[in-house]
Amino acid sequence: AQSVTQPDIHITVSEGASLELRCNYSYGATPYLFWYVQSPGQGLQLLLKYFSGDTLVQGIKGFEAEFKRSQSSFNLRKPSVHWSDAAEYFCAGNSGGYNKLIFGAGTRLAVHP
Amino acid sequence: GAVVSQHPSWVICKSGTSVKIECRSLDFQATTMFWYRQFPKQSLMLMATSNEGSKATYEQGVEKDKFLINHASLTLSTLTVTSAHPEDSSFYICSASIASGPSTYEQYFGPGTRLTVT
């Protein structure tokens, strides 16, 4: 069955430290992959997406993600975290030709000053 | 661009009453809209997919008679929670897909509606 897994429920980092949020997918074919961020009580904002082509994708707010087919992963990274990055992050995917999104469980990011 | 709005942002209703939530794509035409439910500190659960002019497709376990979805135009979808009960209290989020091209697979999300049933 198609699935998206975020192994880390909660991550805490210090402000200025680097960040990597993990995402693994299970699809028959290469899915379209997305990272969203959600602040408390808010909707989802798209950080970046991967459809095809260059496997290193740049997004907004200084985030990037790398698609690794061999590891079925699409990890989100940021070199230096800001306190305003504290939020819930969701990885999601869908299969080409079928636009229903499957979400991971989410990773809650806390940032210490 | 690609802005989706929801109204209301927060609603309180009494048990047994019905409440309607609107989802609008403000600057694009959306052939497909999606309705999600999110419990506190949990991920989004897809409730249904609606295509303009067609009946909505509900996910397994979602009561279609309780959660009525109407997608009357390319810019508006509504979710009506009928005979609401306290267990229906949740955060409801809609999203919309642009009508054509690779972006068909990208969903733009509304800000969500917090429903509290007393």
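Order of the sequence lines fixes the chain letters, A, B, ..., with proteins taken first and strands second; residue numbering starts at 1 for each chain. Being a predicted model, the structure only gives us computed values, none of them experimental.
For Ser80(A), the side chain to side chain contact (heavy atoms under 4.5 Å, CB included) test picks out no residue, with sequence neighbours left out.
By a heavy-atom distance cut of under 4.5 Å, Tyr36(B), Gln38(B), Lys41(B), Gln42(B) are the residues of residues 35-42 of chain B near chain A, going up by number. Of residues 104-113 of chain A, those residues lying under 4.5 Å from chain B by any heavy-atom pair are Gly104(A), Ala105(A), Arg108(A). Within residues 57-67 of chain A, no residue has any heavy atom closer than 4.5 Å to a heavy atom of chain B.
Put simply, the side chain of Val4(B) reaches to within 4.5 Å of the side chain of Phe28(B), judged on heavy atoms. Between Asp8(A) and Gln6(A), the closest side-chain pair of non-hydrogen atoms is not below 4.5 Å. Contact annotation: the side chain of Leu76(B) never approaches that of Cys23(B) to less than 4.5 Å [non-hydrogen atoms, C-beta and beyond]. Residues Leu44(B) and Phe109(B) are in side-chain contact: their nearest non-hydrogen atoms beyond the backbone lie under 4.5 Å apart. Looking at heavy atoms from C-beta onward, Phe34(B) lies out of side-chain contact with Leu101(A) at the 4.5 angstrom threshold. Counting heavy atoms from C-beta outward, Val4(A) and Cys23(A) have side chains that approach closer than 4.5 Å.
Side chain of Glu52(B) to main chain of Thr31(B): no donor-acceptor pair is present (N/O by atom type, distance under 3.5 Å, no hydrogens or angles). The main-chain N or O of Thr78(B) is never found under 3.5 Å from a side-chain atom of Asn70(B) such that the two would form a donor-acceptor pair. Panel note: side chain Tyr58(B), backbone Phe67(B); a donor-acceptor pair is recorded below 3.5 Å.
Neither the backbone nor the side chain of Ser95(B) comes within contact range of chain A; no heavy atoms are under 4.5 Å apart. Interface remark: Gln45(A) contributes no atoms to any contact with chain B (heavy atom separation under 4.5 Å). Contacts between Leu46(A) and chain B at a heavy-atom distance below 4.5 Å involve the side chain alone, from C-beta outward.
Side-chain contact of Thr32(B) with Asn51(B): a donor-acceptor pair under 3.5 Å is present, judged by distance alone. Side-chain contact of His71(B) with Ser77(B): a donor-acceptor pair under 3.5 Å is absent, judged by distance alone.
A salt bridge does not link Lys78(A) with Glu20(A): none of the charged nitrogens is closer than 4.0 Å to a carboxylate oxygen.
Among the candidates Thr80(B), Asp88(B), Thr82(B), the single residue satisfying the side chain to side chain donor-acceptor pair (under 3.5 Å) test with Lys66(B) is Asp88(B).
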